[in-house]
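Accompanying notes for the structure given below.
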Amino acid sequence: MIIRASLLDTPSPGNLRHYEDGVIIIDEHGVIAAAGASSDLLSETLLEQHDVFEAPADSRLLCVPGLIDIHTHLPQYPVVARREDALLPWLERHIFPTELDFQGPGQRSLIEAFFEELAANGTTTVVLYSAVWEDSTALAFEVAAEKGVRAVIGKIMMDEGSYGEPHPLKARRKSLEETTRLAKEWHGANKGLLDYAVSPRFAVTCSIDLMKEAATVAKDFDCYIQTHLSENDAEIEKVRERFPDNANYTDVYREAGLLGEKTILGHAIHLSDPEIDLLAFSGARVAHCPTANFFLNSGLCPVHSLRSAGIPVGLGSDVAAGPELNLWQVMRSAIETQGVRRMLDDSIPGLTPADAIYLATLGGASVLGKDKIIGSLDQGKEADLLLLDLNHILPLDGRFSGDLDPQDIATTLVYRGGPQATVATFTRGRQMV
Ligand code: GUN
Ligand code: ZN
């Protein structure tokens, strides 16, 4: 297939690459056979030999890499925007009861609708938490496989102080058995589109034994690990009380063996310098979730300090703490987070729209170790693409906006982008929307 559109991507942090009149050729394996200026690539013979994607009438078609959401919670989506002013009461009142109900075959319709909504928002790779239930987690994988979604999914593990099996030892055994079965069946499934993430929720609801055993399972299957770190003051205090012998929150995960190059830590807001050094040394990665951090008054993640230390960072919508799956709005919020930090201390650099787009595309791919496969519009990468109509983002349908340079396009996307502009998404060349 041939797509004719403007092309925009970020081959490195903060750098925009743009072809006003561009073309992408996708081969029969769903791989980008060529991408660049149409004047260099297009010919009559090529057009005769391939299907050409039909742009909607009067559109300003733009192609960007599919967006990569590296932290969100599938069962929580129906209860976005349930107000509490802090993490722990919000979890107790809204999230644990919602996840408790996420069981049985009846969840299929929610899972299907969730993946459709993700694609409509332009997200082509997602890293997901389900709930503690094995059956609905397996169902999430089955639906993702049927639809051809690229996803990393994990069943939440907990053995203390929450919903599910009340007896800690039984909860731990069950959680490990179920996680092992799921990882065995799904890690690397559907020709590598699906992966497993061992998912101990956080140190507030996990014993050290559970976390240690979880780390072993992850090692055995070489799968991802995801958990939450240092999101909120009361949470950090609870971890200090539960693990008084550890130097800090991050050290608990170090002791458990949870930190490594396949570990994605959500939030990571209130870290001391030794914790940042420890993360950098371990190779762990951070999912920055700014819309969620504002919604629950959690704090301003020091993205610049994390990246300066060499920690790979990507973006997460983190529903239901984040109010929407729209990653453009998460990018905007990431810029605003660094903007506020800069207002308080002008030695801190801001985040540009181009850099925010990097975080939501190639940056997210790097967090997952998939930057050779997805995240930019390079020849040889898999065709995970978002096609959008800029006229549906510009004011007054773009009728009065004139020509836009690459910076204008990037800023418009980040400040006004959303599902209203999505024309199509492709995952490994397969059209999802
Ligand atoms: N910390 C532990 N569990 C959660 C969760 O579900 N959402 C958020 N935002 N933080 C958490
Ligand atoms: Zn989360």
Side-chain angles (χ1 to χ4, degrees), residues 69-102 114 126-133 136-137 152-164 175 197-207 210-211 214 224-239 242 249-250 252-253 258 263-271 285-301 313-325 327 330 333 337 364 367:
D69 186 342
I70 64 162
H71 182 128
T72 203
H73 297 257
L74 193 165
Q76 296 180 16
Y77 189 45
V79 293
V80 293
R82 299 291 163 94
R83 187 69 192 162
E84 294 298 331
D85 68 1
L87 172 67
L88 298 178
W90 172 81
L91 284 173
E92 287 286 341
R93 283 183 208 139
H94 303 293
I95 298 310
F96 294 161
T98 300
E99 290 187 4
L100 177 64
D101 290 343
F102 187 65
F114 178 87
V126 66
V127 183
L128 282 176
Y129 289 81
S130 68
V132 298
W133 312 115
S136 49
T137 308
V152 180
I153 306 174
K155 182 198 97 78
I156 281 189
M157 306 175 82
M158 300 194 274
D159 61 346
E160 288 174 1
S162 187
Y163 68 93
S175 188
V198 169
S199 308
R201 177 168 226 134
F202 63 162
V204 176
T205 55
C206 296
S207 66
L210 176 76
M211 291 188 279
Y224 293 97
I225 293 173
Q226 59 179 348
T227 186
H228 297 84
L229 171 67
S230 204
E231 176 177 1
N232 160 281
D233 289 342
E235 169 210 12
I236 296 165
E237 190 48 40
K238 267 221 149 68
V239 173
R242 283 170 56 75
Y249 196 161
T250 309
V252 176
Y253 292 155
L258 287 171
T263 303
I264 307 164
L265 299 158
H267 305 281
I269 302 172
H270 308 283
L271 298 176
R285 286 100 212 271
V286 166
H288 176 35
C289 305
T291 50
N293 296 342
F294 279 124
F295 184 75
L296 290 175
N297 303 309
S298 297
L300 303 168
C301 177
V313 176
L315 296 181
S317 62
D318 193 23
V319 300
E324 53 184 327
L325 290 171
L327 271 185
V330 176
S333 190
T337 298
V367 164

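Numbering of ligands and ligand atoms starts at 1, following listing order.
When atom types are taken as modelled, the side chain of Arg242 and the backbone of Cys206 share a donor-acceptor pair closer than 3.5 angstrom. Side-chain N or O atoms of Tyr253 include one that pairs as donor or acceptor with a backbone N or O of His228 at under 3.5 Å. With hydrogens and angles ignored, the 3.5 Å screen pairs a side-chain donor or acceptor of Glu235 with a backbone N or O of Glu231.
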**OP:** Apply side-chain contact (heavy atoms from CB on, under 4.5 Å) to Glu160 and Thr205, showing your working.
**Re:** CA-CA 5 Å; Glu160 288 174 1; Thr205 55; 5.5 Å; no

Original post:
Would Tyr129 and His71 count as a ring-ring contact (aromatic ring centres under 6.0 Å, His included) if you check the C-alpha gap in whole Å, the side-chain angles of each, and the deciding distance to 0.1 Å?
Top reply: CA-CA 8 Å; Tyr129 289 81; His71 182 128; 5.1 Å; yes

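Annotation: side chain of Thr72 is in contact with side chain of Val126 (closest heavy-atom distance under 4.5 Å). Between Met157 and Leu210, some side-chain heavy-atom pair lies under the 4.5 Å cut-off.
Listed by chain and number, residues touching ligand 1 at under 4.0 Å (heavy atoms only) are His73, Gln76, Leu87, Trp90, Leu91, Arg201, Phe202, His228, Glu231, His267, Asp318, Ala321.
If you run side chain to side chain contact (heavy atoms under 4.5 Å, CB included) between His94 and each of Gln76, Glu84, Arg83, only Glu84 comes through. Put simply, the residue from Ser333, Ser317, Cys301 that forms a side chain to side chain contact (heavy atoms under 4.5 Å, CB included) with Pro290 is Ser333.
Protein N/O/S atoms closer than 2.8 Å to the Zn ion (ligand 2): His71 NE2, His73 NE2, His228 NE2, Asp318 OD1.
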